[in-house]
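Right, one structure below, let's go through it.
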Amino acid sequence: DQQVKQNSPSLSVQEGRISILNCDYTNSMFDYFLWYKKYPAEGPTFLISISSIKDKNEDGRFTVFLNKSAKHLSLHIVPSQPGDSAVYFCAASEESNGNKLVFGAGTILRVKS
Amino acid sequence: DAMVIQNPRYQVTQFGKPVTLSCSQTLNHNVMYWYQQKSSQAPKLLFHYYDKDFNNEADTPDNFQSRRPNTSFCFLDIRSPGLGDAAMYLCATSSLEGNGYTFGSGTRLTVV
């Protein structure tokens, strides 16, 4: 049973607009959430994270929102750039140090110029 | 640059023929993980090490084994690969303090 779900396999956005990637989870013990970005032929790289004690974390163009009651998080990219085109993985951990991650299946983001 | 290196990038093996995938790290991280990712699916944790302490996931088939001879190296052994074991295998490391994983580039395994 998938504990972390990314229900949109792909998303296409115009350059300069906002990209919103969504993630739902079922395990209420998850304490720490992360987003990873993956280019073809490379391993995933860490993008941004959020602890369960927060509802928002921002880093430049990237903002992650957490709604614990809905067991939902989202990644906002504003403004979107063609270089943001990649696969985005949502991940969650029961450990506050973010170890032993459970991943979603990923969302392919295409930013059109 | 400190990094996680997986060799080889692509591995073709015959059905039933043992194969070993390797992972090395220069980050001196305590924790090393092996994930299996099949096409369009989520990466699935197979096992991980906290230093030399091996932790197997309950649903990891017995066909998959791992060795960690020292901090820097970790191996994934598939004793008798089946067609269903064809996948991308991702190695990752993290420190006990957390702050997320560092991934290798992965090894894509093909079983013929």
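In what follows, chains carry the letters A, B, and so on, assigned in the order in which the sequence lines appear, proteins first and then strands, with residues in each chain numbered from 1.
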Side chain, backbone, both or neither of B:R9 within contact of chain A (heavy atoms, under 4.5 Å):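 Looking at B:R9, just its side chain touches chain A.
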Crowding at [atom1], [X] (>12 non-hydrogen neighbours, <6.0 Å):
{"X": "B:R68", "atom1": "CZ", "answer": "yes"}
{"X": "B:D59", "atom1": "CG", "answer": "yes"}
{"X": "A:R61", "atom1": "CZ", "answer": "yes"}

Given heavy-atom pairs under 4.5 angstrom as the criterion, report whether the side chain, backbone, both or neither of A:A91 touches chain B.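 Neither part; nothing is under 4.5 Å.
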Which atoms of A:Q6 are under 4.5 Å from chain B, going by heavy atoms: the side chain, the backbone, both sets, or neither?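 Nothing of A:Q6, per the 4.5 Å heavy-atom cut-off to chain B.
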Does A:I20 sit in a hydrophobic cluster with other residues, and if so which ones, taking ILVMFWY side chains as linked at heavy-atom separations under 4.5 Å, directly or through other members?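 Direct or chained contacts put A:I20 with A:I18, A:V78.
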Please test A:N99 against B:Y50 for side chain to side chain contact (heavy atoms under 4.5 Å, CB included), starting from the C-alpha separation and ending with a verdict. CA-CA 10 Å; A:N99 284 332; B:Y50 279 104; 3.9 Å; yes
Starting from [Y], can I reach [X] by hopping between I/L/V/M/F/W/Y residues whose side chains sit under 4.5 Å apart?
{"X": "A:F62", "Y": "A:L66", "result": "yes"}
{"X": "A:V87", "Y": "B:M88", "result": "yes"}
{"X": "A:I77", "Y": "A:Y39", "result": "no"}
{"X": "B:Y49", "Y": "B:F47", "result": "yes"}

Looking at A:G106, A:A41, A:C90, A:S49, which has the largest count of heavy-atom pairs under 4.5 Å with chain B?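 Answer, by heavy-atom pair count under 4.5 Å with chain B: A:A41.
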Residue, of A:S93, A:P44, A:G104, that accumulates the most heavy atom pairs under 4.5 Å with chain B: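 Counting heavy-atom pairs under 4.5 Å, the top option is A:P44.
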Indicate yes or no for a side-chain donor-acceptor contact from B:Y101 to the backbone of A:L101 under 3.5 Å, with no hydrogens or angles considered.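 The answer is yes, because a donor-acceptor pair under 3.5 Å joins these two groups.
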N/O donor-acceptor pair under 3.5 Å between B:Y33 side chain and A:K100 backbone: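 Present.
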Tell me the closest heavy-atom pair linking A:A105 and B:S40, and the distance in Å.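 Taking every non-hydrogen atom into account, CB-O, 3.8 Å.
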ring-ring contact (aromatic ring centres under 6.0 Å, His included), that's the test. Do B:F103 and A:Y36 meet it? Break it down for me. CA-CA 10 Å; B:F103 278 94; A:Y36 281 81; 5.6 Å; yes
In Å, rounded to the nearest 0.5 Å, how long is the span from CZ of A:F103 to CD of B:Q37?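 Going from the CZ atom of A:F103 to the CD atom of B:Q37 covers 9.0 Å.
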